[in-house]
Every structure is written in structure tokens, then in C-alpha cells.
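Note sheet for the following structure.
Just so it is clear, the structure is predicted and the values come from calculations on it, not from any experiment. Counting convention: from 1, in listed order, for ligands and their atoms alike.
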Amino acid sequence: MKYVLGIETSCDDTSVAIVDEGGRVCANVVSSQVEEHAPFGGVVPELASRAHLSNLPRVMDKALADACLSLDRISAVAVTQGPGLIGSLLVGISFAKALAFARELPLIPVNHIRGHVRALALEFDPVPRPALALIVSGGHTHLFRWQPDDAIVLLTKTRDDAAGEAFDKLAKMLDLGFPGGPLVDRLAAEGDPRAFEFSMPRFRDGSADYSFSGLKTAAAMHLKRDPHAFRDLSGQRVKDLCASFQAAVVKHLLQRVKQALKREPAEALLLGGGVACNSGLRRAFEALAKQAGLPAMMTSPVLSTDNAAMIAAEGWHLWRAGVTADWDLNPNVSLKAYDEVRFLANE
Ligand code: KG4
Ligand code: ZN
């Protein structure tokens, strides 16, 4: 049996995973840095790199122990090349290079966003294709068509904030804590999604981009109008604002999927990335798929947020296709996740 060891350090999670040639996840260890960054209300890049550096050796040891394997059973090392934070990527890549060089193993460069797409294949086998894949995280918001030949076609992406970033910013405005997405999700469950008005983003140029900065500004306006009403973090106004904001984000995300369904051939609807943990989005996504008569495939929470299992799985795929990196591999913070672009336009 062959095993690929994956390393993910693109943002604030240090993760090492081992996936075997049958696509089974033998270990997937994720060490979160929430405690380091929480006092600052967001990810501090310098702290993230330093934490990756000290976490990686023990995270790898834990992954090997969980998989009951020693290092000499590993056949290849896959590592996230980008996109992500430059310092964080650099730590992961240096670690992966040293490991692969010392053990004389192939080094495989992985695109983080393609990893989020590949995570779906770890849980659903086979994933019917072509499929529409909505990948929503703290740094990215992309709608893709995933082709039977594995090519990824970009249909639309955000022109400003990512959806997860919008959740995090709302949480910051309300002083809820970090990371904000899960906190907003929890409060939204007890709020009224019709309490506050949010209009859908529209562009004069007819583009069907995603955009979340307008929703964030609208939330700031609601807050400014009556700041006292939002002081009590367990109060109804806070819950109502979270519910209304979440409903607007979900509506906007699915609005583009509906548009894509009119134009694109699809055998399944796929949802991945950290925001795929959002309960409102999962419910609405499932309902949309049902309406369209397609299966809804969504990664479970551990494979939605950043993890190295998806990097090892994508690494397997690349290795089989003959892709390996040289020892001069560098991070690429703006690495593109797609092979082709076919933008949607607003009706
Ligand atoms: O994929 P991910 O772990 O990291 C990036 O590649 O960015 O996504 C993290 C993002 C954060 O913005 C976090 O707030 C958001 O996913 N998130 C959520 C939920 N859980 C995580 N957003 C909304 N609702 C959630 N339940
Ligand atoms: Zn991610």
C-alpha cells in the first residue's frame, strides 16, 4: 500500500494528513491557532508563521501515530503551494522540501482551492460530473464547473470580500469574538431572518460576480442606526441581525448557483470550504438541489475547513498525472485554481 503525506499551512491551521492509494484518510490532524489570534480579533500573519513552525513536527508525529505508520512507509509528500499567506505557505513548503529531500521522496505542489474541491471526492465516491461546485471560505468564494476530465471552469468569484470574511467582519462589528462565522451561525438560529433588510448586490456592467462588501456596509448601517440595541450580545436584536445577514449571504450565494443551473450542464451540486459548515447555507443548498432534481454533496465540517487530507488527496491525483515539483518550489499567493473561465452574466 502506498501513502501520501499532505501538509497544509496556508492560513491559521497547521495540518498534516495521510491518505492511501485507495483514497482512504488514514490520519488528518488539524492544530487550530484560534487561541493565538483571538486576542487580535483576526489572523496575524507573523504569529501564524511562527505557530506553524513550532506546531508542524508534533502535528506530523501525531498524524503518523494515528495512521500507525512510520515515516519510511510514506511514498510522497504533498504540500499547499498557494494561495494563502506568504509566510505561512513558506513554512509548510520548507518543511515539506526538507522531509522529501531527506527521504528521497517526490514533492507534489498542491493548489489549496483545488484541494477544497478534491475534498468532495474523499467523501463521495464517485462524484457525478460535470458538477457545479461552490467553494466558500474565509479567503475565497468561487463557483466552478468540475468537468469529467477533471478540468475546473470558473463561472464566477467574489470581486471583494469572501463570504467567510463577511461573516467574520459582522462578528467583529458586533464584538462577538473570533472566528466569527460559527458564532454568527449559532445566534442566527434564534433570530428572525426578515427583521433587517439587505438588498442583493447588483452591478451596472451586468456582471454576475459575487460581492459581500455591500452586505457588510448594510450591516454596519443597521448597527449605527441604533447602537444601544446591539450591546446585549444575547439580546434579540443581535440574533435578528445575524439571522438577516446570514439569510442575505446565503441568498446571494445561491442566486449565482441558480443562474449557473440555467446555463451549465450539471449532474450534482457540490459545496465545500469553511463556510460549508454554515447551517443556513447547508439547508438552503440541499433545498435548491432537491428543486433542481440533483444530488447535494457537501463536505462534513472537518473536510470543509482547512485540512491536509484534501491536500494529500489532490496530491495523489497530481502524482498519478505525473506532476512533481523541483527543489526550488516557492509559494505562490495568487495561484489560480481553474483551467478555464466562462463567466456568468446577470439576467
Ligand atoms: O476554508 P477555511 O477553513 O479557511 C480558508 O481557506 O479561508 O474557512 C474559514 C472560514 C472563516 O471565515 C470562518 O468564519 C468560516 O469559514 N466559517 C463559517 C462557519 N464555520 C466556519 N462561516 C459561517 N458559518 C459557519 N458555521
Ligand atoms: Zn481553505
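- Of the charged side-chain nitrogens involved, at least one lies within less than 4.0 Å of a carboxylate oxygen, so that Asp150 and Arg129 count as a salt-bridged pair.
- In this structure, Glu190 pairs ionically with Lys239, as a charged nitrogen and a carboxylate oxygen lie closer than 4.0 Å.
- Judged purely by distance below 3.5 Å, without hydrogens or angles, the side chains of Ser70 and Asp72 pair a donor atom with an acceptor atom.
- Near-neighbour remark for the Zn ion (ligand 2): protein N, O or S atoms under 2.8 Å are His112 NE2, His116 NE2, Asp306 OD1; waters not counted.
- Under the 3.5 Å distance criterion, with hydrogens and angles disregarded, no donor-acceptor pair is assigned to the side chains of Asn111 and Gln81.
- Applying the 4.0 Å criterion to heavy atoms of Thr305 picks out, from ligand 1, the atoms 3 (O).
- Nearest protein heavy-atom neighbour of atom 15 (C) of ligand 1: Val275 CG2, 4.0 Å.
- Looking at His140 against ligand 1, nothing comes within 4.0 Å, counting heavy atoms.
- If you check which protein heavy atom lies closest to atom 4 (O) of ligand 1, you get Asp306 OD2, 3.0 Å.
- Within a 6.0 Å radius of NZ in Lys157, no more than 12 heavy atoms belonging to other residues, nucleotides or ligands are found.
- Every atom of ligand 1 is numbered from 1 in the order shown, and the set under 4.0 Å from a heavy atom of His112 is 6 (O).
- A salt bridge does not link Asp192 with Arg237: every distance from a Lys NZ or Arg NE/NH1/NH2 to an Asp or Glu carboxylate oxygen is 4.0 Å or more.
- The shortest N or O to N or O distance between Gly138 and ligand 1 is below 3.5 Å.
- If you check each of Gly181, Ala276, Gly280 against atom 18 (C) of ligand 1, the one with the closest non-hydrogen atom is Gly181.
- The protein heavy atom nearest to atom 13 (C) of ligand 1 is Asp168 OD1, 3.8 Å.
- For a threshold of 3.5 Å applied to N or O pairs, the pair formed by Ser279 and ligand 1 contains no separation below that value.
- Ligand 1 has an N or O atom lying under 3.5 Å from an N or O atom of Gly139, backbone or side chain.
- Not a single heavy atom of Arg186 sits less than 4.0 Å from an atom of ligand 1.
- For Asn278, heavy-atom contacts with ligand 1 shorter than 4.0 Å involve the backbone as well as the side chain.
- Of the charged side-chain nitrogens involved, none lies within less than 4.0 Å of a carboxylate oxygen, so that Arg202 and Asp209 do not count as a salt-bridged pair.
- Counting atoms of ligand 1 from 1 in the listed order, those under 4.0 Å from a heavy atom of Gly164 are 12 (O).
- Taking a 4.0 Å cut-off on heavy atoms, Cys11 fails to register as neighbouring ligand 1.
- Proximity of Val153 to Gln147: side-chain heavy atoms (C-beta onward) are separated by under 4.5 Å at one or more points.
- With salt bridges taken as basic N to acidic carboxylate O contacts below 4.0 Å, none links Lys172 and Asp168.
- Side-chain polar atoms of Glu123 and Thr299 form no donor-acceptor pair below 3.5 angstrom.
- Against a heavy-atom cut-off of under 4.0 Å, Phe167 is close to the following atoms of ligand 1: 22 (N), 23 (C).
- Atoms CG and OG, from Leu89 and Ser10 in turn, are 6.0 Å apart once rounded to the nearest 0.5 Å.
- Atom 17 (N) of ligand 1 has its nearest heavy-atom neighbour, among Gly115, Gly274, Gly273, Ala119, in Gly274.
- Contact check on Glu165 versus Lys216 returns no salt bridge, with no Lys/Arg side-chain nitrogen under 4.0 Å from an Asp/Glu carboxylate oxygen.
- For the residue pair His228 / Arg231, a side-chain donor-acceptor distance below 3.5 Å is found, with atom types taken as modelled.
- For ligand 1, the atoms sitting less than 4.0 Å from at least one non-hydrogen atom of Asp185 are 24 (N), 25 (C), 26 (N), numbered in the order shown with element in parentheses.
- For ligand 1, the atoms sitting less than 4.0 Å from at least one non-hydrogen atom of His116 are 1 (O), 6 (O), numbered in the order shown with element in parentheses.
- By the 6.0 Å and 45° rule, Arg159 stacks over the aromatic ring of Phe203.
- Classification of the Trp327-Phe101 ring pair by plane angle, with boundaries at 30° and 60°, yields perpendicular.
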